[in-house]
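Encoded as structure tokens, the structure appears first; notes follow it.
Excluded from the calculations below are hydrogen atoms, water molecules and symmetry mates; all remaining heavy atoms, backbone and side chain alike, are included. In this text the structure is predicted, and so the values were computed from the model without any measurement. Start at 1 with the first residue, then count along the sequence.
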Amino acid sequence: LDPISTGLSAGVEASIPLFTGGTTESKVRQAQLNFRQAQESYQYQARLTEEQVRSAFLSIQASIAQAQANRQALLSSETAAKATQVGFQVGTRTAVDMLTNLTAVFSARRDYASARYNYLLNMVSLKLAAGVLAEQDLAQLSRLLTQPASLQRAALQKQTQELLKPVDLDALGVISTDPLALPSNAP
């Protein structure tokens with residue numbers, strides 16, 4: 001093409017800075033470091049969550065074992081109180097023995113209730129750590145924990161009255177409170 005006859009011209013202009021102070025390189029490096037920090041933070045949170053779930057699960061297992069042991073201790077202390085009551089009725093035990101055993105029964109009830117409460121808290125902790133805690137779970141826990149005090153007192157009074165109810169010595173084969181007397185079914 002002839003530039004004089006057609007009047008066309010073409011040109012290319014390029015502006016390449018030779019030195020921009022390292023701005024581009026530092027922005028790339030900053031983005032890479034931010035990405036690495038985000039990855040590390042994610043891995044830390046994943047390990048922390050795994051540890052929390054594992055810990056909550058082990059706590060549940062421990063609280064189940066503790067509740068079972070406390071239930072057995074409660075049953076044992078109630079049996080011991082009944083035996084002491086029989087001994088008191090036949091004259092081989094004192095009122096102090098009775099009160100000591102009743103104190104043990106009430107302590108065992110407290111410990112058993114505490115173990116059940118810890119189990120419920122550990123269950124909520126596990127669900128929270130696993131990310132599956134729902135509103136229904138909290139509503140159910142609230143219902144369990146907010147049983148009217150009158151119902152709780154009535155249940156405890158019934159248990160205590162049952163524990164303190166005189167034992168039928170005749171049913172046990174004891175007719176006399178004389179320790180030298182033989183039971184009626186003795187040979």
Side-chain angles (χ1 to χ4, degrees), residues 30-89 92-169 171-172:
Q30 182 68 37
Q32 289 171 339
L33 292 175
N34 286 345
F35 179 72
R36 178 183 243 156
Q37 181 184 13
Q39 283 180 323
E40 294 295 326
S41 177
Y42 173 78
Q43 290 175 354
Y44 170 75
Q45 286 299 323
R47 285 190 302 269
L48 183 64
T49 301
E50 182 181 344
E51 187 271 329
Q52 288 172 341
V53 169
R54 184 178 292 119
S55 176
F57 178 74
L58 293 174
S59 293
I60 284 178
Q61 288 182 324
S63 62
I64 288 172
Q66 185 66 47
Q68 289 172 341
N70 287 350
R71 177 159 171 68
Q72 188 60 44
L74 174 61
L75 294 175
S76 296
S77 65
E78 287 176 344
T79 303
K82 279 288 189 189
T84 302
Q85 184 179 14
V86 170
F88 179 72
Q89 287 177 323
T92 61
R93 293 294 184 108
T94 65
V96 173
D97 293 334
M98 267 303 284
L99 292 176
T100 301
N101 280 325
L102 285 177
T103 302
V105 168
F106 290 118
S107 293
R109 283 183 187 170
R110 180 201 60 224
D111 293 344
Y112 180 53
S114 177
R116 291 183 359 217
Y117 178 75
N118 287 337
Y119 167 76
L120 293 173
L121 288 183
N122 288 332
M123 187 62 93
V124 169
S125 295
L126 175 63
K127 288 184 177 192
L128 180 64
V132 295
L133 184 63
E135 187 176 339
Q136 302 90 310
D137 298 323
L138 296 177
Q140 181 182 14
L141 180 65
S142 179
R143 279 192 303 275
L144 288 171
L145 294 177
T146 57
Q147 183 181 25
S150 60
L151 289 177
Q152 292 174 358
R153 275 194 302 276
L156 280 177
Q157 285 175 347
K158 182 180 176 194
Q159 290 172 353
T160 303
Q161 287 172 353
E162 182 65 29
L163 192 62
L164 294 176
K165 185 173 66 175
V167 176
D168 183 10
L169 297 178
L172 294 175

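What you find for V132 and D137 is that their closest heavy atoms are O-OD2, 3.7 Å. In plain terms, the two heavy atoms of M98 and A81 that are nearest each other are SD-O, 4.1 Å. Counting all heavy atoms, side chain and backbone alike, L126 lies closest to F57 at CD1-N, 4.0 Å.
Here the CZ atom belonging to F35 is positioned 14.5 Å from the CD atom belonging to Q30, to the nearest 0.5 angstrom. To the nearest 0.5 Å, atom CD of residue E40 and atom CD of residue Q43 are 5.0 Å apart. One finds the CG atom of L74 at 9.5 Å from the CG atom of D111 (value rounded to the nearest 0.5 Å). Note: I64 CD1 to N118 CG = 12.5 Å, rounded to the nearest 0.5 Å. The CG atom of L128 lies 12.0 Å from the CG atom of L121; values are rounded to the nearest 0.5 Å.
A donor-acceptor pair is defined here as one N or O able to donate and one able to accept, closer than 3.5 Å; no such pair exists between the side chain of S114 and the backbone of R110. In this structure a side-chain-to-backbone donor-acceptor pair under 3.5 Å is present from S77 to A73. A distance-only check finds a donor-acceptor pair linking the side chain of T84 to the backbone of A80 [under 3.5 Å]. A donor-acceptor pair under 3.5 Å links the side-chain atoms of S63 to the main chain of S59, judged by distance alone.
At least one side-chain heavy atom of R109 sits less than 4.5 Å from a side-chain heavy atom of E78.
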Before you tell me yes or no, could you show the steps for K82 and Q85 under side-chain contact (heavy atoms from CB on, under 4.5 Å), namely the whole-Å CA-CA distance, both residues' side-chain angles and the distance that decides it to 0.1 Å?
CA-CA 5 Å; K82 279 288 189 189; Q85 184 179 14; 4.0 Å; yes
Hey, mind stepping through F88 and T94 against side-chain contact (heavy atoms from CB on, under 4.5 Å) and telling me if it holds?
CA-CA 6 Å; F88 179 72; T94 65; 5.6 Å; no
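Residues satisfying the side-chain hydrogen bond (donor to acceptor under 3.5 Å, both in side chains) criterion with N70, sequence neighbours excluded, are Q66. Qualifying salt bridge (charged side-chain N to carboxylate O under 4.0 Å, His left out) partners for D97, counting only residues two or more places apart in sequence or in other chains: none.
Under the 4.0 Å criterion applied to side-chain N and carboxylate O atoms, R54 and E50 are assigned as salt-bridge partners.
Within a 6.0 Å sphere centred on CD of Q37, heavy atoms belonging to other residues, nucleotides or ligands number 12 at most.
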